[in-house]
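Structure first, commentary second.
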Amino acid sequence: MKNKVIDKKTADHYLWGDSCDSWVLVDTAGLSIKQESMPSGTREKLHFHANAQQFFFVLKGTATFYLNREEEVVSEQKGLLIHPQTHHFIANNTNETLEFLVISQPTTNNDRTTIE
């Protein structure tokens, strides 16, 4: 397998939720790394992953996570590990765009159960 440099310009891109962006930087069975952007006032749906753990690292802005009914605010240049089976979602409750990395191990492909 050939090594290659990847960035937002060369990564696969998709839209999710309410005009949120995702750039797929790495996607293997054992590891997924995405750079994502959420406009002000957006959130994802409550869900969980049966097998994957996820580490979110905030690049720009402030993220609000809801984890098993608890709220955790994570500011710029800080991160949060979410264990498998944890009911969670991320929200951007600010007036600024939120940018973050989400690193999942193993991949979350076919490993997401939406609750709401």
Side-chain angles (χ1 to χ4, degrees):
M1 176 182 264
K2 185 178 177 185
N3 294 326
K4 67 177 185 173
V5 174
I6 192 161
D7 61 22
K8 285 170 57 172
K9 293 177 186 173
T10 59
D12 287 340
H13 173 264
Y14 65 91
L15 292 173
W16 60 274
D18 189 17
S19 299
C20 298
D21 289 285
S22 183
W23 294 269
V24 181
L25 304 176
V26 174
D27 190 19
T28 66
L31 178 67
S32 169
I33 303 174
K34 297 175 181 174
Q35 184 169 346
E36 300 196 338
S37 177
M38 296 178 73
S40 174
T42 57
R43 60 166 279 199
E44 80 179 321
K45 293 183 178 186
L46 181 65
H47 67 282
F48 69 93
H49 304 283
N51 300 304
Q53 63 180 337
Q54 294 186 296
F55 181 74
F56 288 79
F57 187 79
V58 177
L59 300 170
K60 178 183 172 191
T62 301
T64 302
F65 290 89
Y66 296 87
L67 310 161
N68 294 329
R69 299 187 180 131
E70 298 289 324
E71 184 178 304
E72 186 74 44
V73 176
V74 179
S75 59
E76 204 166 289
Q77 299 299 305
K78 294 185 180 177
L80 176 69
L81 177 65
I82 300 176
H83 298 285
Q85 301 290 332
T86 302
H87 292 196
H88 67 279
F89 70 90
I90 184 174
N92 181 359
N93 297 332
T94 73
N95 293 325
E96 305 293 326
T97 298
L98 171 62
E99 295 181 15
F100 59 94
L101 294 175
V102 57
I103 302 158
S104 306
Q105 183 271 326
T107 183
T108 56
N109 293 340
N110 301 312
D111 183 37
R112 177 183 168 118
T113 300
T114 301
I115 298 167
E116 64 174 40

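Nothing fancy with the numbering, it's 1 onward along the sequence.
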(request) Could you pull out all residues at least two apart from Gln35 that satisfy side chain to side chain donor-acceptor pair (under 3.5 Å)? (result) none
(message) Given 3.5 Å as the limit, does a donor-acceptor pair link the side chain of Glu76 with the main chain of Gly61, or not?
(response) yes
(request) First locate atom CG of Asp21, then atom NE2 of His13, and finally report the distance between them rounded to the nearest 0.5 Å. (result) 3.5 Å
(request) Might you confirm whether atom CG of Asn95 has over 12 heavy atoms from other residues, nucleotides or ligands at distances under 6.0 Å? (result) no
(message) Out of the candidates Gln54, Gln53, Arg112, only one should pair with Ser104 under the side-chain hydrogen bond (donor to acceptor under 3.5 Å, both in side chains) rule; please name it.
(response) Gln54
(message) Starting from Val24 and following side-chain heavy-atom contacts under 4.5 Å between hydrophobic residues (I, L, V, M, F, W, Y), which residues can be reached?
(response) Tyr14, Trp16, Met38, Phe56, Val58, Phe65, Leu67, Val74, Leu80, Ile82, Ile90, Leu98, Phe100, Val102
(message) Are Glu99 and Glu36 packed together at the side-chain level, in the sense that at least one heavy-atom pair is separated by less than 4.5 angstrom?
(response) no
(request) Look at atom NZ of Lys78 and say whether more than 12 heavy atoms of other residues, nucleotides or ligands are closer to it than 6.0 Å. (result) no
(message) Quick check against the 3.5 Å criterion: does Asp111 have a side-chain atom that pairs as donor or acceptor with the backbone of Asn51?
(response) yes
(request) Following the transitive rule for hydrophobic clusters with a side-chain heavy-atom cut-off under 4.5 Å over Ile, Leu, Val, Met, Phe, Trp and Tyr, establish whether Leu15 and Trp23 coincide in one cluster. (result) no
(request) Answer whether the closest heavy-atom distance between the side chains of Asp27 and Ser32 falls below 4.5 Å. (result) yes
(message) Quick check: closest heavy atoms across Leu31 and Val26, and the distance to 0.1 Å?
(response) O-CG1, 3.9 Å
(message) If we ignore hydrogens and angles and just use 3.5 Å, is the side chain of Asn68 paired with the main-chain N or O of Thr86 as donor and acceptor?
(response) no
(request) Locate the shortest heavy-atom distance separating Glu96 from Asn92; write the atom from each residue and the value. (result) O-ND2, 2.7 Å
(message) Do Ser37 and Cys20 make a side-chain contact, defined as non-hydrogen atoms from C-beta onward lying under 4.5 Å apart?
(response) no
(request) Report the distance from atom CD1 of Ile115 to atom CG of Leu46, rounding to the nearest 0.5 Å. (result) 4.0 Å
(message) Please check if the number of heavy atoms outside Gln85 that lie under 6.0 Å from its CD is greater than 12.
(response) yes
(request) Identify which one of His88, His83, His87 satisfies the ring-ring contact (aromatic ring centres under 6.0 Å, His included) criterion when paired with His49. (result) His88
(request) Look at the side-chain heavy atoms of Ile, Leu, Val, Met, Phe, Trp and Tyr, link any pair under 4.5 Å apart, and say whether Leu81 and Phe89 land in one connected group. (result) no
(message) Within the 4.5 Å heavy-atom criterion, are Ile103 and Phe57 side-chain neighbours or not?
(response) no
(request) Locate the shortest heavy-atom distance separating Gly30 from Gln105; write the atom from each residue and the value. (result) O-CG, 3.4 Å
(request) Indicate the atoms forming the closest heavy-atom contact of Pro106 with Ala29, along with that distance. (result) CB-O, 3.2 Å
(request) Drop me the distance from Lys60's NZ to Ser75's OG, to the nearest 0.5 angstrom. (result) 15.0 Å
(message) Does Asn109 have more than 12 heavy atoms from other residues, nucleotides or ligands lying within 6.0 Å of its CG?
(response) yes
